[in-house]
Structure formats: C-alpha cells, structure tokens
Amino acid sequence: MIRRPVVLITGASGEIGHGLITRLSKDPDIAVITLDLRPLPPPLTPLVQQQFLGSILDAQMLDRILAEYEVDLIFHLAALLSTRSEFAPVTAHRVNVEGTLNMLDFAQKQGESHGRPVRFLYPSSIAIYGLPSLEEKMRAGKVKENEYTTPTTMYGCNKLYCEHLGRYYGNFYKQLAAETLSGKVDCRCIRFPGLISAETIPSGGTSDFAPEMIHSAAKGEPYACFVRPDTRIPFMAMPDGIDALLKLARVSRERLTQTVYNIGAFAPSAEEIQKVTLRAFPQATITTKVDVKRQAILDHWPADVDDGAARRDWGHEPHYDFDRAFQDYLIPTIRQLYARR
Ligand code: SER
C-alpha cells in the first residue's frame with residue numbers, strides 16, 4: 001500500500017490554522033490533513049483531505065496517521081495560549097510540551113520511514129521573553145533572539161523549552177547511538193508577535209486586548225481594555241504571519257543560520273490602537289479597566305523585536321505596517337465580516 005504525501009496541521013481549527021488552510025488550498029499540488037480536538041469551521045472542511053478529530057496526546061491517533069500518510073511538512077499549531085495556561089499550568093505543560101514532544105517524535109518516525117527530513121514549523125512567541133522591569137523594557141527596545149530569554153509564564157516556559165527540543169531533534173537526537181538518527185526533523189521556529197486577524201477572534205491569549213478591541217468596535221459592542229494605554233508589544237496582521245510561516249517552510253535549509261527567528265511588523269501602544277480603532281468606528285465605546293495581573297505579563301514582554309536574522313536569512317518582509325494593517329486589511333475585512341452576519 002502506498003501512503004499518500006500530505007501536509008499535516010495540528011491545532012488547525014485555531015486562528016493561524018484558519019488562514020493557513022485557506023492559503024495552502026490555493027496550491028493544487030498540496031493536500032492537507034488536520035488534527036484538532038475541534039472540527040474545522042464548515043467553510044474550511046472541503047479544503048482539506050482529511051480531518052482527524054483528536055488530541056496530539058493520543059499516541060494511537062498519531063500511529064494511525066503515520067500508517068496512512070507520508071508527511072514531509074508539519075505545522076504544529078496546537079497549544080494552550082498564555083492566559084489560559086496560567087489557570088491550568090499542568091495541563092498547559094501536558095499539551096504544550098508533551099504534545100510537542102509527541103509531534104517531534106512523530107516527525108522523527110516519518111523521516112525514518114520515508115528517508116527525507118521532515119520540516120517541522122513551530123510557532124513560538126514573544127512570551128518566551130521576560131524583561132525584568134518596565135524601565136528595562138523601554139530601554140531595551142527591539143530585543144534579539146538570545147536576549148532576555150527568561151519567561152514569566154507557563155506558556156512562555158513551554159514554548160522556549162520546545163524550541164530547544166526542536167533543535168535537539170534536528171541536530172543531536174540519540175547522538176550516542178551507533179547509527180546517526182538526527183537530521184530527520186528539520187525544525188524551524190518563529191517567535192510570533194501578537195497576531196491580529198480580521199476574520200477570527202483569539203481566545204486565551206494575553207495579547208488579545210488588541211483584536212478584542214477592534215472586533216468589539218466593529219460589532220458595536222462596548223469594550224473595556226484590560227491594559228494601560230501605554231502598554232506596548234509587537235503585533236502583526238494575520239496574513240503576514242501566514243506568509244512568514246510559508247516562507248520559512250519553503251526556504252532551503254542551507255540558508256538558515258539559526259533554529260529560531262523573531263519576526264516583527266509594528267509595535268503600537270494600546271492607546272495608539274484605540275485611536276485608530278475609534279477613527280474607523282467613531283460610535284465605538286472603548287474604556288480601560290486594567291487587569292493588573294495580565295498587565296504584569298505584558299510588562300515583561302518586549303516592546304518590540306529585532307527581526308534582522310529573519311529578514312536576512314529567508315526574506316521576512318511584512319506587507320502591512322500599522323497604518324496599512326488597519327486601512328487595507330483589518331477595517332475593510334472586519335466591516336464585511338459583520339455586515340454578512
Ligand atoms: N499571543 C499569544 C498570547 O497572548 C502569545 O503567543 O498568548
């Protein structure tokens with residue numbers, strides 16, 4: 001029996017999966033299978049070859065996929081985000097770390113069985129950074145990949161460790177065995193800034209204040225922003241996030257000088273986001289009700305990231321800066337979305 005070659009997306013029903021499936025479906029040579037606890041939204045269902053409904057913690061499910069499909073490329077998106085993880089740290093560790101280990105092992109087995117390296121795309125996060133104080137955060141400005149890697153959240157710890165696991169599988173896996181087994185997994189990590197999609201709303205993240213504010217304004221619902229107006233972290237429009245994943249997935253290994261890359265686009269304060277949102281939706285009511293605990297998480301995240309390596313090694317170049325993200329993507333697409341409902 002011949003196994004069919006496919007791209008595997010875990011956590012496919014989430015925000016990134018949504019955009020990624022849509023983009024991949026435009027390429028007739030690519031077949032996609034998905035693994036998620038939740039079914040895909042109905043419009044996405046016809047765009048994939050098969051949906052596996054289940055958990056990345058289910059070894060039997062992974063064995064089934066291994067038996068049926070030949071996978072050369074994995075987008076491992078399944079995770080519990082930062083706010084949710086603080087309420088259930090052990091569950092977060094299970095899903096974010098054990099789940100990722102399972103997927104890396106799945107990739108290793110795939111590579112061993114078909115003989116080619118499996119590209120493993122892993123979305124990491126600015127949550128892996130931990131700036132010691134607000135003063136230091138403002139002084140540091142754009143942080144590099146190797147600076148301030150002392151996360152303060154369970155999610156950040158999980159993501160940072162899994163970046164290392166990916167590097168381990170790629171370069172050192174079972175290094176004492178007689179035969180060389182490493183090199184079967186080609187792990188590539190992107191540390192994403194907060195992502196803002198015009199089509200979906202996030203849940204369980206700490207950067208959610210920006211997309212929540214914009215979507216609430218568009219729906220005509222009042223919004224109480226849970227951070228101070230001066231709060232600043234990097235953000236990116238979802239299409240640029242998807243582009244970055246696809247670009248990094250396609251580039252040849254020789255061009256990559258590191259396993260983990262920052263990517264940036266714009267880094268507005270919450271007040272600046274509020275201003276452009278109100279300009280687009282003047283009827284909106286946006287107030288501030290600071291959640292000091294979630295605020296503290298954001299105060300440890302960098303004000304911006306240095307993405308020089310991503311630009312140099314694989315041509316990261318976001319299409320949307322702050323103004324374009326709002327004018328050309330968020331506002332028109334969100335208007336359409338809620339006009340349809
Ligand atoms: N945006 C995510 C969160 O807020 C971080 O990756 O949890």
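Bear in mind that the values here come from a model prediction, so they are computed numbers and not experimental data. Whatever order the structure lists them in is the order used to number ligands and atoms, beginning at 1. Starting from 1, each residue takes its place in the sequence as its number.
Both I190 and L24 are part of a single hydrophobic cluster, where members link through side-chain heavy atoms under 4.5 Å apart.
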Tabulate below the donor-acceptor pairs under 3.5 Å that side-chain atoms of residues 33-48 make, not counting sequence neighbours, or state none.
unit_1: D36; atom_1: OD1; unit_2: R38; atom_2: N; d: 2.8
unit_1: D36; atom_1: OD2; unit_2: A12; atom_2: N; d: 3.1
unit_1: D36; atom_1: OD2; unit_2: S13; atom_2: N; d: 2.8
unit_1: T45; atom_1: OG1; unit_2: P42; atom_2: O; d: 3.3

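When heavy-atom distances to ligand 1 are checked against 4.0 Å, the residues falling inside are L81, S82, S125, Y155, G205, T206, S207, W301, ordered by chain and number.
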Requested in this report: Would you sort out whether V7 and V71 count as a side-chain contact (heavy atoms from CB on, under 4.5 Å), showing the intermediate values?
Outcome: CA-CA 6 Å; V7 173; V71 179; over 6 Å; no

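Using a 4.0 Å cut-off between a side-chain N of Lys or Arg and a carboxylate O of Asp or Glu, E317 and K247 do not qualify as a salt bridge. Under the 4.0 Å criterion applied to side-chain N and carboxylate O atoms, R232 and D304 are not assigned as salt-bridge partners. Taking a cutoff of 4.0 Å between a charged side-chain nitrogen and a carboxylate oxygen, K142 and E147 do not qualify as a salt bridge.
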